[in-house]
Amino acid sequence: MSEKKVIKLNAIGKQIAKQCIDQSSEDYFCIIQKKTRSLDQSAKFHAICGDVAKQKKYLGRLWPAWAWKVLFISGHAIATKIGAEVIPGLEGEFVNIRESSASMTVTRMSSLIEYCLAWCASNEVILSE
């Protein structure tokens, strides 16, 4: 048996998953989870962050795309009532403990993209395709 299998849980996938479980030794474990974001969603989110980074200042300065990623994920968490937590970091800096976009479900990532698009529309950001 391979070290890792990703199986879509349609009718055939469920049969394969059951067989894998039945054939596995006790040193394996099984994880069933919702599908995470798609590559298209990831690309769209990063493109939005890049467009905003080129066009908008925040707190009086331009920020790189990765900083806008943090700002959008944090803002989205507040807007969707998940909340955010800022704690002192290991060197005394402040750190926003936030969810990872890589582990978001397809639905959650869609919500984040909608949040970003609404923010862009409200702030006159021209998005590239």
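This is a predicted model, so every value here is computed, not measured. Values below: all heavy atoms of this structure, side chains included; hydrogens, waters and symmetry mates excluded.
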| message | If you define the side chain from C-beta out and look only at heavy atoms, does anything of Glu93 sit under 4.5 Å from Pro88? | response | no
| field | Residue pair Arg108 / Ser103, side-chain donor-acceptor N/O under 3.5 Å | value | no
| Working for side chain to side chain contact (heavy atoms under 4.5 Å, CB included), residues Thr80 and Ser111 | CA-CA 9 Å; Thr80 58; Ser111 176; 4.1 Å; yes
| Criterion side chain to side chain contact (heavy atoms under 4.5 Å, CB included) on Lys35 and Thr105, from CA distance to verdict | CA-CA 6 Å; Lys35 183 180 174 188; Thr105 63; over 6 Å; no
| note | Tightest non-hydrogen contact, residues Ala53 and Pro64, listed as CB-C, 3.8 Å
| query | When Ile, Leu, Val, Met, Phe, Trp and Tyr are grouped by side-chain heavy atoms lying under 4.5 Å apart, directly or through other members, which residues fall in the same group as Leu71? | reply | Phe45, Ile48, Val52, Tyr58, Leu59, Trp63, Trp68, Phe72, Ile73, Met104, Met109, Leu112, Ile113, Tyr115, Leu117, Trp119, Val125, Leu127
| request: Any chance you could measure Gln55, atom CD, to Ser128, atom OG, to the nearest 0.5 Å? | output: 8.5 Å
| query | Quick one: salt bridge (Lys or Arg N to Asp or Glu O under 4.0 Å) partners of Arg37, sequence neighbours excluded? | reply | none
| task | Please check if the side chain of Gln41 supplies one atom and the backbone of Ser38 the other of a donor-acceptor pair under 3.5 Å. | result | yes
| request: Rounded to the nearest 0.5 Å, what's the gap from CD on Gln23 to CD1 on Ile21? Could you check? | output: 11.0 Å
| said: Would you compute the distance between atom SG of Cys20 and atom OH of Tyr28 and round it to the nearest 0.5 angstrom? | reply: 10.0 Å
| query | Which residues, ordered by chain and number, are linked to Ile87 in its hydrophobic cluster, where ILVMFWY side chains connect at heavy-atom gaps below 4.5 Å, directly or through other members? | reply | Val95, Ile97
| field | Ile32: hydrophobic cluster co-members (side-chain, 4.5 Å) | value | Leu9
| message | Restricting to salt bridge (Lys or Arg N to Asp or Glu O under 4.0 Å), what partner residues turn up for Glu114, sequence neighbours left out? | response | none
| request: Please check if atom NZ in Lys69 has more than 12 non-hydrogen atoms from other residues, nucleotides or ligands closer than 6.0 Å. | output: yes
| field | CD1 (Ile78) with more than 12 external heavy atoms under 6.0 Å | value | yes
| Salt bridge between Lys56 and Glu124, side-chain N to carboxylate O under 4.0 Å? | no
| field | Which residues share a side chain to side chain contact (heavy atoms under 4.5 Å, CB included) with Ser122, sequence neighbours left out | value | none
